[in-house]
Amino acid sequence: MYRLHKHFAQLELEKTYQEIEQLQWEVQNISSLTVDGERSATWPLGINPPFQPRTRFEVLKWDYFTEDQTFSCADDSPKCELIGADLADVSDVISTAVDELNRKYQPVLHVRKQQLLNGYRRFDPTRGMEYTLDLQLELVTQKGHSRSITKRVHLVRPLSEVEIIPMPYVTEASRINIILPLTALDREHAARFLQTFVEIQGNENSLLTLLFIYDPFQAQQVSQNDIFSQVKSQIAEYERKYRDIKIPWISVKTDAPSQIRLMDIISKKHPVDTLFFLAGVGSRVSSEFLNRCRMNTINNWQVFFPIHFQGYNPEVSEHGQQSPSGTLELVRDAGRFDRDVFDEACFYNADYMAARSKMATDAQENEEILEMLDIYEMFIRYSGLHVFRAVEPSLLQSYRTRACNPRLSEEIYHRCVQSNLEGLGSRSQLAMLLFEQEQGNST
């Protein structure tokens with residue numbers, strides 16, 4: 001019964017393809033009678049025409065690739081290996097091109113791919129992904145004779161039908177609870193964060209809670225030598241100066257300060273409808289960012305993980321300048337969007353508690369999972385929410401060397417080390433320093 005159904009479905013499919021070809025032929029013939037002539041029937045028929053740039057700055061860029069490498073890399077490398085979806089995309093396009101050639105020329109000729117000589121692709125927002133392939137092919141006749149030729153083919157992977165996904169209504173009136181974890185190495189940066197928070201409080205509906213993280217030895221010495229005493233005195237000074245500002249703080253003793261363990265403590269002390277912003281001590285919090293945090297975080301629907309703009313080391317990025325600026329600006333030579341850091345997050349307490357409860361079974365079987373995963377990974381694995389991760393131009397961080405804790409998972413530790421290394425400076429800036437150093441050594 002299945003084979004019979006498949007046979008008639010195949011007949012219907014072939015009939016549909018023939019009708020499409022007939023319609024395309026009719027459109028091609030009728031186009032010659034229109035005002036624009038045959039130019040109005042752009043290839044492929046039924047797909048939007050290519051984007052026409054009006055200025056030189058609107059010209060769409062083509063990316064060059066081979067079967068295993070691409071020459072347009074995210075980190076500005078001259079070439080990098082094709083992996084994941086990009087590799088699958090290139091393999092699928094080459095296979096489709098050979099299949100279409102065989103469908104066109106069989107049974108007279110059989111086409112076999114020998115290699116991809118050149119590959120180009122670009123994304124056209126009006127119609128989809130366009131490809132131009134230079135293929136070296138082997139043609140085999142019915143008598144068995146073969147010949148190698150080079151053939152250029154063009155392909156288009158059209159965009160599917162655009163669909164508007166309904167989203168729940170959100171406003172910018174929600175109160176944000178900012179959570180700032182602090183370790184001993186972070187305390188020197190806390191003063192700037194507190195000052196920024198106080199400056200925006202006049203126009204903001206937000207609260208700040210500090211989480212002081214002591215290791216076991218520091219906790220024993222807290223009565224004689226509190227490492228956070230200066231931060232606490234600054235908090236007391238702000239509370240005396242501004243009567244409407246209250247900055248509570250919580251002390252925690254642990255030698256492995258994982259995000260999940262810390263949020264477990266915070267979550268229990270707040271209502272389920274609380275909107276959290278888990279901040280980094282180097283973040284420059286602004287009203288613009290906090291509003292985007294409110295808009296991009298939807299209860300029982302979406303959590304938001306912003307990618308902050310991390311400043312390069314001023315000794316590298318401003319090397320040789322007579323008057324360093326001292327301020328971080330959103331320009332290419334000043335820093336980069338740090339995709340290796342997942343510390344900042346916006347989410348509702350109810351969503352955190354729901355994902356944490358689903359994680360409880362695995363945590364009972366393997367308690368180390370609390371150090372192996374961060375909150376980002378927890379939401380991906382244990383919740384059905386949309387995880388919205390995007391660059392955030394209004395969330396800036398000045399350069400600082402992050403403390404990488406080897407007691408956390410290997411992946412989290414290596415991401416931290418990678419962030420420190422790539423945050424030193426751009427490739428050109430580091431290359432210039434090495435060049436100057438070699439020039440100095442040679443003289």
Side-chain angles (χ1 to χ4, degrees), residues 177-201 206-270 276-285 308 310-311 313-315 326 341-345 367-368 370-372 374-375 397-409 412-413 415-417 419-420 423:
N177 282 263
I178 304 173
I179 308 299
L180 180 64
L182 283 179
T183 63
L185 296 175
D186 296 331
R187 55 187 173 175
E188 61 185 38
H189 304 283
R192 176 182 291 181
F193 189 96
L194 288 171
Q195 182 180 357
T196 303
F197 172 77
V198 171
E199 289 174 353
I200 66 172
Q201 267 309 97
S206 59
L207 297 174
L208 174 63
T209 300
L210 270 66
L211 205 59
F212 296 128
I213 303 170
Y214 298 86
D215 64 28
F217 176 77
Q218 295 166 350
Q220 292 176 356
Q221 303 293 323
V222 69
S223 57
Q224 294 86 15
N225 181 24
D226 187 355
I227 59 172
F228 295 110
S229 59
Q230 186 174 356
V231 181
K232 293 177 181 178
S233 62
Q234 188 177 9
I235 292 174
E237 178 64 26
Y238 279 130
E239 289 181 342
R240 283 195 300 269
K241 188 175 181 180
Y242 306 98
R243 294 184 178 181
D244 56 337
I245 291 181
K246 297 295 180 183
I247 305 177
W249 47 268
I250 302 172
S251 298
V252 179
K253 181 180 76 171
T254 178
D255 54 356
S258 70
Q259 281 188 320
I260 297 177
R261 289 190 185 277
L262 298 178
M263 276 309 304
D264 284 347
I265 299 172
I266 296 293
S267 177
K268 296 174 183 177
K269 299 180 180 294
H270 291 81
F276 288 127
F277 166 48
L278 188 58
V281 68
S283 302
R284 297 184 184 177
V285 180
H308 67 252
Q310 179 70 53
N313 188 339
E315 296 180 2
V341 176
F342 296 80
D343 291 348
E344 291 91 1
E367 193 172 349
E368 293 182 355
L370 298 177
E371 280 79 34
M372 293 171 58
D374 52 15
I375 293 179
Q397 279 200 15
S398 299
Y399 173 78
R400 70 184 181 93
T401 302
R402 301 175 64 231
C404 303
N405 192 335
R407 294 184 61 87
L408 300 178
S409 74
I412 295 175
Y413 176 76
R415 281 207 311 258
C416 176
V417 173
S419 173
N420 284 336

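As the structure is a prediction and not an experimental result, all values here were calculated from the model.
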Tell me whether [X] contacts the main-chain N or O of [Y] through its side chain, where contact means a donor paired with an acceptor under 3.5 Å.
X      : Y      : result
Ser233 : Gln230 : yes
Arg415 : Ile412 : no
Ser258 : Glu371 : no
Thr196 : Arg192 : yes

Which distance, rounded to the nearest 0.5 Å, do you find between the [atom1] of [X] and the [atom2] of [Y]?
X      : Y      : atom1 : atom2 : result
Ile266 : Leu211 : CD1   : CG    : 4.5 Å
Phe277 : Ile179 : CZ    : CD1   : 10.5 Å
Glu368 : Ser409 : CD    : OG    : 11.0 Å
Phe342 : Asp374 : CZ    : CG    : 7.0 Å
Lys246 : Thr209 : NZ    : OG1   : 13.5 Å
Ile250 : Ile213 : CD1   : CD1   : 11.0 Å

field: Atom NZ of Lys232 with >12 non-hydrogen neighbours under 6.0 angstrom
entry: yes
Do you know the tightest heavy-atom contact between [X] and [Y]?
X      : Y      : result
Val198 : Tyr242 : CG1-CE1, 3.5 Å
Ser206 : Phe197 : OG-CE1, 3.7 Å
Pro181 : Ala279 : CD-O, 3.5 Å
Glu344 : Val341 : OE1-CG1, 4.2 Å
Tyr399 : Thr401 : OH-OG1, 3.3 Å
Gln397 : Ser283 : NE2-OG, 3.0 Å

Do [X] and [Y] have side-chain heavy atoms sitting under 4.5 Å apart?
X      : Y      : result
Asn405 : Pro257 : yes
Leu210 : Leu194 : yes
Ile178 : Phe193 : yes
Ile247 : Glu239 : yes
Tyr238 : Gln195 : yes

query: Pick one: which of Asn420, Asp343, Asp186 meets side-chain hydrogen bond (donor to acceptor under 3.5 Å, both in side chains) with Arg402?
result: Asp343
statement: Contacts of Arg243 meeting side chain to side chain donor-acceptor pair (under 3.5 Å) (sequence neighbours excluded), chain-then-number -> none
query: Which word best sums up how the rings of Phe212 and Trp249 line up, parallel for under 30°, tilted for 30 to 60°, or perpendicular for over 60°?
result: tilted
